[in-house]
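Since this is a predicted model, take the numbers as computed values, not measurements. One-based numbering along the sequence shown. Quick note: numbers below take in every heavy atom, side chains included, and nothing from hydrogens, waters or symmetry partners.
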Amino acid sequence: METRHKAYKFRMYPNKEQKVLLAKTFGCVRLVYNLMLAEKIAYYKEHGKSITVTPAKYKKEYEFLKEVDSLALANAQLHLQTAYRNFFKDKSIGFPKFKSKKSNYHSYTTNLVNGNIKLNERTIVLPKLKSVKIKKHRQIPSDYILKSVTVSQEPNGNYYVSVLLEYEVDIKPQYDTSKAIGLDFSMRELYVSSEGFTAEYPRYYRKSQEKLAKEQRILSHRKKGSKNYYKQKRKIAKIHSKIANQRKDFLHKQSRQITNAYDVICIEDLNMKAMSQSLHFGKSVADNGWGMFTSFLYYKQTEQGKLLVKVGRHYPSSKTCSVCGYKNEGLQLKDRFWLCPQCNTYHNRDENASYNIKNEGLRIVKEMEIA
């Protein structure tokens, strides 16, 4: 048996009093995080070594910290420790930053201790907040164990609660390599498959660009800090939220269709951040959400004992002829079609790449089975 975790996110509807307490909790968590980070930096500069700090030491100076959930403050400490560990593991992640009061996104995490959190059909009981209304749109299996809850407020003003659950599962690898597919990343279509179909991605951000530009022009004429300014900011945030939800819904449906139909899915291990920066494709890369799509594929495949195989990012999938293996070293990014001089096969760049990704993925699977 294997222990796994899964999170369910539900919309939350706090009343006026609960909204005030949530705002206090968000602020206290941010304050404690910043105080601990500042103290750690100052101590390291003076003594040349790290120090462990806890939220408890600040409660005498800041009495209002006692009004909010103590576990939320404790989790701020854990998040800071995680940020430090991640930085020392990989410096490219960057040193932990102070949390800004002007941020449009707020959240805190609390843990289940002695039954202090209870998830019901229409409400959730949280420390200090007590019973809060939620929209529980999905049923949770009875054998799942609640571990922690993250409460968040998004830029559009909506509140959400993300419930982390633990469960045990016995998943044995069960895949048929004859049911394999290769997916090549496509800027316009999201992907091109080795089976001849594409995702036909609707490009939600591009469709809403004109509307966004109009609302942002209106914002530029508002007096900064005024009620109308924040009202307009909320309006823009709602448009961004709608785009994000449309994208997420589309990617969930696409990943479900593919995982239901194929046992082995082969993709390229791409560095999307580098691609968006070096090739100036930032908007297109962010719009289609390839990274989110691959993470959906991964968890949906592993839940069923199937495989998601990542082919090395330096593998020449576009340059290699999928028929004879000839390597076209002169192929450029602008070349969408090319003729193989060795076997005279006329290739669509993306379709050819998807065939090669599938073949290379199956080769990796065979090596795994032999090992």
Side-chain angles (χ1 to χ4, degrees), residues 9 154-156 179-216 236-301 303 306-311 313 315 317-318 322 332-337 347-358 360-361:
K9 190 175 181 180
E154 297 195 347
N156 61 4
K179 294 181 179 179
I181 187 172
L183 303 179
D184 179 53
F185 170 71
S186 171
M187 204 74 70
R188 181 175 290 274
E189 304 289 348
L190 179 64
Y191 66 77
V192 174
S193 77
S194 58
E195 303 305 301
F197 61 86
T198 66
E200 297 181 1
Y201 183 69
R203 307 179 82 195
Y204 297 109
Y205 179 77
R206 295 287 186 183
K207 285 182 179 179
S208 301
Q209 262 191 307
E210 195 175 319
K211 189 177 181 181
L212 266 173
K214 180 185 174 183
E215 298 301 336
Q216 284 164 341
I236 293 168
K238 283 182 178 179
I239 298 172
H240 279 295
S241 180
K242 184 180 179 181
I243 295 167
N245 289 336
Q246 286 176 317
R247 182 187 299 119
K248 197 171 183 180
D249 179 66
F250 179 84
L251 297 178
H252 265 301
K253 288 173 180 175
Q254 279 290 318
S255 57
R256 175 53 64 198
Q257 287 173 10
I258 294 172
T259 52
N260 285 350
Y262 299 96
D263 290 359
V264 181
I265 302 172
C266 308
I267 61 172
E268 280 185 298
D269 183 19
L270 299 173
N271 185 344
M272 303 310 294
K273 187 176 179 180
M275 186 182 290
S276 64
Q277 291 173 348
S278 62
L279 301 175
H280 308 292
F281 291 145
K283 284 183 182 178
S284 297
V285 170
D287 190 14
N288 60 28
W290 175 259
M292 186 185 290
F293 177 64
T294 56
S295 66
F296 289 168
L297 285 175
Y298 175 75
Y299 90 77
K300 286 179 171 71
Q301 284 289 89
E303 277 183 341
K306 297 180 178 181
L307 292 178
L308 177 69
V309 184
K310 289 189 176 183
V311 172
R313 65 185 60 167
Y315 175 71
S317 58
S318 299
S322 56
Q332 297 180 11
L333 188 62
K334 64 180 181 180
D335 301 326
R336 308 317 300 170
F337 298 90
H347 291 295
N348 174 305
R349 180 196 184 98
D350 294 330
E351 287 179 9
N352 177 62
S354 67
Y355 301 143
N356 287 324
I357 290 167
K358 176 183 173 181
E360 178 65 9

* Just wondering, do L190 and T198 contact through their side chains at under 4.5 Å, heavy atoms? -> no
* Would you say the side chain of I258 lies within less than 4.5 Å of the side chain of I265, judging by non-hydrogen atoms? -> yes
* Search all heavy atoms of G361 against all heavy atoms of V311 and return the closest pair with its distance. => N-CG2, 3.9 Å
* Structure fact -> In short, R349 meets D335 closest at the heavy-atom pair NH1-O, 3.1 Å
* **CD-CD distance between E200 and Q254, expressed to the nearest 0.5 angstrom** => 8.5 Å
* Structure fact -> Looking only at heavy atoms, the pair that brings R313 and D269 closest together is CB-O, 2.8 Å
* Asked: Closest heavy-atom contact between I243 and S208?
  -> CD1-CB, 3.6 Å
* Looking only at heavy atoms, what is the nearest atom pair of Q301 and L307, with distance? -> NE2-O, 2.7 Å
* **Within-4.5 Å side-chain heavy-atom neighbours: T294 and I267** => yes
* To do: On the 0 to 90° scale, with breaks at 30° and 60°, tag the H240-Y205 ring pair as parallel, tilted or perpendicular.
  => parallel
* Nearest-0.5 Å distance, CG of residue N260 to OG of residue S255 -> 9.5 Å
* To do: Cation-pi check, K300 to F296: give yes when NZ or CZ is under 6.0 Å from the six-membered ring centre and within 45° of the ring axis, no otherwise.
  => yes
* To do: Would you sort out whether N356 and S322 count as a side-chain hydrogen bond (donor to acceptor under 3.5 Å, both in side chains), showing the intermediate values?
  => CA-CA 6 Å; N356 287 324; S322 56; 4.8 Å; no
* Heavy-atom check, side chain of E189 versus side chain of Y201, under 4.5 Å -> no
* Asked: How long is the gap from NZ on K211 to CD on E215, to the nearest 0.5 Å?
  -> 7.0 Å
* Asked: Under 3.5 Å, is there a donor-acceptor pair between the side chain of R336 and the main chain of L333?
  -> yes
* Nearest 0.5 Å, what's the CD-CD1 distance between Q216 and I239? -> 8.0 Å
* **Spatial distance of atom OG (S318) from atom CG (D184) [nearest 0.5 Å]** => 5.5 Å
* **Polar contact flag, side-chain donor to acceptor under 3.5 angstrom, S241-N156** => yes
* To do: Taking all heavy atoms of E351 and all of V192, pick out the closest pair and write down the distance.
  => CG-CG1, 3.8 Å
* Count the heavy atoms belonging to other residues, nucleotides or ligands that lie under 6.0 Å from OH of Y298, then report whether that count exceeds 12. => no
* To do: Return yes when atom CD of E303 has more than 12 non-hydrogen atoms of other residues, nucleotides or ligands closer than 6.0 Å, and no otherwise.
  => yes
* With a 4.5 Å limit on heavy-atom distance, are the side chains of V264 and V309 in contact? -> yes
* Aromatic plane relationship, F250 with Y204 - under 30° parallel, 30 to 60° tilted, over 60° perpendicular -> perpendicular
* Asked: When you measure from the side chain of D249 to the backbone N and O of Q246, does any donor-acceptor pair fall under 3.5 Å?
  -> no
* Any salt bridge between K179 and E195, counting N to O under 4.0 Å? -> no
* Asked: Going by atom types alone, do S317 and E268 pair a side-chain donor with an acceptor below 3.5 Å?
  -> yes
* In this structure, which one of S354, C266, S194 forms a side chain to side chain contact (heavy atoms under 4.5 Å, CB included) with I181? -> S194
* Asked: Are the side chains of I357 and L183 in touch, meaning some heavy atoms are under 4.5 Å apart?
  -> no
* **Point-to-point distance, once rounded to the nearest 0.5 Å, from CZ of R203 to CE of M187** => 10.0 Å
* Asked: F293 and Y191: aromatic ring centres closer than 6.0 Å?
  -> yes
